[in-house]
Structure formats: C-alpha cells, structure tokens
Amino acid sequence: MLPDLRQPRIRELSESELPRRHWRGDDGDGGVWLFETVEGDGEHWAIRQIEIDAERGVHLYWWRHLQDEHGFLTDQALEIWDLMEISEAAFQAVWAAGQ
C-alpha cells in the first residue's frame, strides 16, 4: 500500500493553534457525521471525523488513522452550509466515547 500523502498536512493542521469549529451532518440513511475543522484559505478542513453508522457503529478518523474498511477522513474541504454547528464539548464527548 502506498503512503497516504495527506497525513503530514493533516497532522500539521491538527497540531496548529488555528481555531477549531465542530459540525454535524446526517447521511439520510440513519448515519451521522461529526467533524472538527480548522479554516485554511477560506475553507474548512476536517482534522478529526466521527462516523456513526445506522447500526450505531462508531468510526474515528484523524491523522493517525486516516482510513479503514469502513471509511476515511474526508479529503475535501467541507461544505459547511450542509452542516449544523455543534459545541466542542458535544464533539469531544462522542470522540471520547468512541475510543
């Protein structure tokens, strides 16, 4: 398998002091996505992502775990108008419960 070229950039963004925002989106099939983003060049880039599937399986993605058989950390800037902003505490609670 080839190395994922996103890893160094995602790590750099994750370790930066850039402000974070947190988002929730629904997939229409009973699943939920949660994102932690930083803004760069006017776009919001996911640095952590939680996928909760319709069966309530939780999958966590970040620079140390970019992908697996269930999915992957998005490699596109988020279209935030499709998402609802949530609190950092809400995101952190789900992240901690999923570990």
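As the structure is a computational prediction, the values presented were derived from the model and not from experiment. Both backbone and side-chain heavy atoms feed into the values below; hydrogens, waters and symmetry mates do not.
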For the hydrophobic clusters of this structure (ILVMFWY residues joined by side-chain heavy atoms under 4.5 Å, transitively), does one cluster hold both Val58 and Tyr61? yes
Check for me, please, whether Leu34 and Trp23 land in the same ILVMFWY cluster - side-chain distances under 4.5 Å, paths through other members count. no
I'd like to know if the side chain of Asp27 and the backbone of Asp29 have a donor-acceptor N/O pair within less than 3.5 Å. yes
For Leu73, is there any backbone N or O sitting under 3.5 Å from a side-chain donor or acceptor partner on Arg6? yes
Under 4.0 Å between a Lys/Arg side-chain N and an Asp/Glu carboxylate O for Glu88 and Arg20? no
Within the side chain of Gln49, is there an N or O that forms a donor-acceptor pair under 3.5 Å with the backbone of Phe72? yes
To the nearest 0.5 angstrom, please state how far the OG1 atom of Thr37 sits from the CD atom of Glu85. 8.0 Å
So, does Gln7 use its side chain to make a donor-acceptor pair with the main chain of Leu66 at under 3.5 Å? no
Kindly give the heavy-atom pair with the smallest separation between Phe35 and Ala46, and that separation in Å. CD2-CB, 4.0 Å
Between Trp62 and Ser14: side-chain donor-acceptor atoms closer than 3.5 Å: no
Between Asp68 and His70 (side chain of the first, backbone of the second, donor and acceptor by atom type, cut-off under 3.5 Å), is there such a pair? yes
Under 3.5 Å, is there a donor-acceptor pair between the side chain of Asp53 and the main chain of Glu55? yes
Side chains of Phe91 and Ile86 in contact at under 4.5 Å (non-hydrogen atoms): yes
In this structure, would Ile52 and Met84 fall into the same cluster of hydrophobic residues linked by side-chain contacts under 4.5 Å? yes
Would one find more than 12 heavy atoms of other residues, nucleotides or ligands at under 6.0 Å from atom CD of Gln99? yes
Can you get from Leu83 to Ile47 by hopping between Ile, Leu, Val, Met, Phe, Trp and Tyr side chains that sit under 4.5 Å apart? no
Atom pair CZ (Arg48) and CD (Glu36), whose distance is rounded to the nearest 0.5 Å: 4.0 Å
Contact summary for His22 and Ser87, nearest pair of heavy atoms: CB-O, 4.0 Å
Report yes if some heavy atom in the side chain of Arg24 is under 4.5 Å from a heavy atom in the side chain of Asp26; otherwise report no. yes
Just verifying a value: how many Å separate Ile10 CD1 and Glu15 CD, rounded to the nearest 0.5 Å? 12.0 Å
Would Trp95 and Trp63 show up in the same hydrophobic cluster when neighbours are defined by side-chain heavy atoms closer than 4.5 Å? yes
